[in-house]
Protein chains: 2
Amino acid sequence: MSKTTAPAAQRSTYRHGDLQRALLDAGIDLARGGGPAAVTLREATRRAGVVPNAAYRHYASRDALLQAVRRAALAALAVAIEDQLARLRTTADAAASARASLRAVGSGYLKFARTEPGLFRTAFSVPDALQGAAVAEKAGASGLNPFQLLGAALDRFVDAGLLPPQRRLGAEYLAWSAVHGLAMLIIDGPLRAMSPSQQTLVLQRLLDMVEQGLVTPEGAAAVTAGRK
Amino acid sequence: MSKTTAPAAQRSTYRHGDLQRALLDAGIDLARGGGPAAVTLREATRRAGVVPNAAYRHYASRDALLQAVRRAALAALAVAIEDQLARLRTTADAAASARASLRAVGSGYLKFARTEPGLFRTAFSVPDALQGAAVAEKAGASGLNPFQLLGAALDRFVDAGLLPPQRRLGAEYLAWSAVHGLAMLIIDGPLRAMSPSQQTLVLQRLLDMVEQGLVTPEGAAAVTAGRK
DNA sequence: ACGATATGTGTACGCCATCCACAAGCACGA
DNA sequence: TCGTGCTTGTGGATGGCGTACACATATCGT
């Protein structure tokens, strides 16, 4: 009876359907709660109702799973940024809307870091392989990169004539560094204790100064004139 | 013979002398090579020539040891910054020397991040206790904090009349964020692949823009006038 | 000289990643 | 239709890790 026809219950669970996806989801959930250190093969498989070794059919190692979670976290950050961008009302004033979109990117970035610290930390955690020394960069460049979104906001500054193209690259690094650095300092740095309202206020002032650093004197003059 | 007077060799290793320090040194060495994940109680005790549990007489947990290593790494970063500051030639021009010291802090910060990525990552890694949610901030504030050094550089901007005091706090956040963020992006972010020479060039331009963001229009005018 | 205290040892448990051999389901061709 | 072979999950084992508990040994104050 048990030999020729296996019990249906056992057979139904033997094939999971989409274990790869289930493991990834479990990993994301773990990262959300406890950062990269919390995503463990055994717990992920446990949540998927499967034996630990089953994971190896879909991910070469724990680090491979973590890498997938990292990509997902990065994508989630990008979505959060796009959310903020979508909130913007369209305006005819190119300069104003360029500034607005930079602010949207910044606040989306920060909001994600604050509301999903585990995922944020995971997104920027270091793969095991890189811990020691430099490693040849892999392809990557999957769609919807947060930094690309920030770059797009800078494009609008260039289009609006606020930022001369030859200063574009330096401006990009400044904006990346400022926003990312602020998020890091707020997440686990000396700014951790600040209240959320104060944090957004700091972001506002920081972006003011970034703009002041970005905008070429002539551009700034033009804007000031236009504002009056 | 073996009862009344124990053999000297055994007695000499039973008391380690300064195991606490030895464990910390081992931990620092491990962090240097492999980042925070590499500092493990068992390996540290192994290097100190002692059994794993001995560590618990000096550190309450692995995380406690890691915390000590973090503090040491932070102090090492501060030393690297002071090194760069010490290289500066003294000048009468207050404005010029303020700018120079900001640059020194920035390049010290970045140089440390590049030459000691393991320690840098360890310095800013997150204690286990904080991984999930916010936690009441402990005292900390030990001497020689990198961020205090950056603050001191900004003091000189204020003293030189380049930065109005009421903009001081925002300026501090901008400078922190920009420098720290750039270091992060270079260590494990999208700027990892850049050559060191290009990285320092980016730092230069970034600091230019930070200054431009810092300096009040009147101050800038004064400086420009003075330069001519 | 002796007892309290600090420091290191031994043994053990549970969690983890990972390796190997095996079994169960499925897909496709003889 | 019945294999035959590939994919996916299982079982069992190994070694590393943090950590708890009981024990041994050195040192120090009285």
Side-chain angles (χ1 to χ4, degrees), chain A residues 1-24 26-27 30-31 33-69 125 127-129 131, chain B residues 1-24 26-27 30-31 33-69 125 127-129 131:
Chain A
M1 180 219 251
S2 62
K3 219 27 156 343
T4 51
T5 57
Q10 185 174 343
R11 184 171 46 213
S12 72
T13 59
Y14 199 97
R15 245 25 181 211
H16 186 285
D18 195 353
L19 183 55
Q20 173 140 16
R21 182 70 212 177
L23 290 174
L24 179 56
L30 292 171
V39 31
T40 160
L41 273 188
R42 290 185 111 98
E43 180 61 25
T45 53
R46 214 172 286 135
R47 296 196 177 195
V50 102
V51 94
N53 279 335
Y56 288 92
R57 299 295 175 192
H58 303 280
Y59 298 97
S61 66
R62 174 204 120 112
D63 204 48
L65 171 60
L66 226 191
Q67 189 69 21
V69 174
S125 65
D128 276 2
Q131 276 291 28
Chain B
M1 181 221 246
S2 63
K3 222 22 160 343
T4 50
T5 57
Q10 183 175 343
R11 184 169 47 211
S12 71
T13 59
Y14 198 97
R15 253 6 185 223
H16 186 285
D18 194 353
L19 182 56
Q20 171 139 18
R21 181 71 212 175
L23 289 175
L24 179 57
L30 291 172
V39 31
T40 161
L41 273 188
R42 289 184 113 99
E43 180 61 24
T45 52
R46 215 172 285 134
R47 295 196 178 195
V50 101
V51 92
N53 279 332
Y56 287 93
R57 299 297 174 188
H58 302 280
Y59 298 97
S61 67
R62 174 206 121 110
D63 204 49
L65 171 60
L66 226 194
Q67 189 67 19
V69 173
S125 65
D128 275 359
Q131 277 289 31

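Here the structure is a predicted model, which is why all the values come from computation and not from measurement. Just so it is clear: chains get the letters A, B, ... in the order the sequence lines come, proteins before strands, and each one is counted from 1.
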Task: With B/Asp63 via side-chain contact (heavy atoms from CB on, under 4.5 Å) - residues at least two apart - done: B/Ser61, B/Leu66, B/Arg70, B/Pro127, B/Asp128

- [ ] Could you check which of D/dA22, C/dG10, C/dA17 has an atom nearest any side-chain atom of B/Arg57?
- [x] D/dA22

Task: Those residues that, when tested against A/Arg21, pass salt bridge (Lys or Arg N to Asp or Glu O under 4.0 Å) (two or more places apart) - done: A/Asp25

Task: Gap between atom NE2 of B/His58 and atom OG1 of B/Thr45 - 0.5 Å precision - done: 11.5 Å

TODO: Take atom CD of A/Gln20 and atom P of D/dT7, then tell me their distance rounded to the nearest Å.
DONE: 14 Å

- [ ] Working to the nearest 0.5 Å, report the span between CZ of B/Arg57 and CG of B/Leu23.
- [x] 13.0 Å

Open item on the list: Counting only heavy atoms and a strict 4.0 angstrom limit, can you tell me which residues of residues 38-47 of chain B come near DNA chain C?
Closed with: none

- [ ] Return the value, rounded to whole Å, for the distance between atom CG of A/Leu30 and atom P of C/dA17.
- [x] 11 Å

Task: Any residue meeting salt bridge (Lys or Arg N to Asp or Glu O under 4.0 Å) with A/Arg47, in chain and number order, not counting sequence neighbours - done: A/Asp29, A/Glu43

Open item on the list: Please check: side-chain N/O of A/Arg62 versus main-chain N/O of A/Val39, any donor-acceptor pairing under 3.5 Å?
Closed with: yes

Open item on the list: Can you tell me how far apart CG (B/Leu41) and OH (B/Tyr56) are? Round to the nearest 0.5 Å.
Closed with: 5.0 Å

Open item on the list: Side-chain N or O of A/Tyr56 versus OP1/OP2 of C/dT18: is the shortest distance under 4.0 Å?
Closed with: yes

Task: Between P of C/dT18 and CG of A/Asp63, the distance in whole Å - done: 8 Å

Task: Whole angstrom value for the distance that separates C1' of D/dA26 from CG of B/Leu19 - done: 15 Å

Task: Atom pair distance, as rounded to whole Å: CG in A/Asn53 and C1' in C/dA21 - done: 11 Å

Task: Nearest-angstrom distance from the residue atom OH of B/Tyr59 to P of C/dG8 - done: 12 Å

Task: Whole-Å distance separating the CZ atom of A/Arg62 from the C1' atom of C/dC19 - done: 18 Å

Open item on the list: Output the rounded distance in Å from CG (A/Leu66) to C1' (C/dC16).
Closed with: 14 Å

Open item on the list: Does a side-chain N or O of B/His58 approach OP1 or OP2 of C/dA6 to a distance below 4.0 Å, or not?
Closed with: no

